[in-house]
Amino acid sequence: MASRRITLKDPSRFKDPAGLTWERYIALQARERERYLAEREALPADALSYTSVSPRYLERAIEQFANNFFPEQSATRYIATAAAHAPFEELKRCCLFQLADEQRHLEMDRDVFERAGIPERDWRPAWEQPGTTCRFFRHVLELEDPIEILVKANFVAEGAAGPGSFAVLADGAEARGDLLSAVNHRARVRDETRHISFARALVRALIEEDASNLDVIQRWQDESLQLFAEMAHGGRRREWWEGFLGSYYKIALPLGLRQTPIAL
Ligand SMILES: [Fe+2]
Ligand SMILES: [Fe+2]
């Protein structure tokens, strides 16, 4: 996919919506970590050892665990690339804060796999099979342009996987006795919300600076959603997919983007 590069010529158009400095970020990150550890500590022992869920749940959940773990692992890598190539300091700082968040999410998901007793050799095959998020994240990992990475991964993918679909995942896990996954999803979404909002501020600034940037962003959205669509082929994960698109369009349509036509 040959891509046109766009960038923000006037960086003063972009402001980190969270207004974070290093000092404030480190305090926030420490607080989040403590809160997470306390929530995990409070879970019953059989939930932490995955003896409270049915064997059948675990069998099916491997794919979901992989769809949590590998996107977080990918995120630590693509956001590092975006930080390295960021065209201005304020954006670089947002990327570096996110890198630390994603690293923590990755640890939470490794913990789930390990506590559930799933051998590491089974993780990647579960992700590489058809119908997972693998194709999208592989694509993002090939990108070098920081703006394209942030639009596709933060604005589109996180914007879509934001509050709506993580709530579905958390509730679904909880209903099946997987309380640790529920705690993880609810912890992760507090950070993802910040990742989405700085990407949205970037997209808004790009469009305000040059209206023709909208066409490029639309194409990046279309490419991204097409790569995700295999998750929902044949009517699979219907509730999740609707939450996914719904979350995304709620932030994208007000900026002038159009829905992507997708045949499932
Ligand atoms: Fe994350
Ligand atoms: Fe994120």
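Just so you know, ligand 1 is whichever comes first in the structure, and atom 1 is the first atom listed for that ligand.
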Ring-ring centroid check Phe97 Trp22, cutoff 6.0 Å: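 Yes, the ring of Phe97 comes within the 6.0 Å limit of the ring of Trp22, centre to centre.
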Those residues that, when tested against Tyr78, pass side chain to side chain donor-acceptor pair (under 3.5 Å) (two or more places apart):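 So Tyr78 forms no side chain to side chain donor-acceptor pair (under 3.5 Å) with any residue.
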Aromatic plane relationship, [Y] with [X] - under 30° parallel, 30 to 60° tilted, over 60° perpendicular:
| X | Y | result |
| --- | --- | --- |
| Phe70 | Trp127 | parallel |
| Trp123 | Phe113 | parallel |
| Phe244 | Trp241 | parallel |

Other residues, nucleotides, ligands: >12 heavy atoms within 6.0 Å of Glu239 CD: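 Counting other residues, nucleotides and ligands, CD of Glu239 stays at 12 neighbours or fewer.
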Proximal protein heteroatoms (N, O or S) of the Fe ion (ligand 1), under 2.8 Å: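 Short answer, with waters excluded from the count: Glu72 OE1, Glu72 OE2, Glu102 OE1, His105 ND1, Glu192 OE2.
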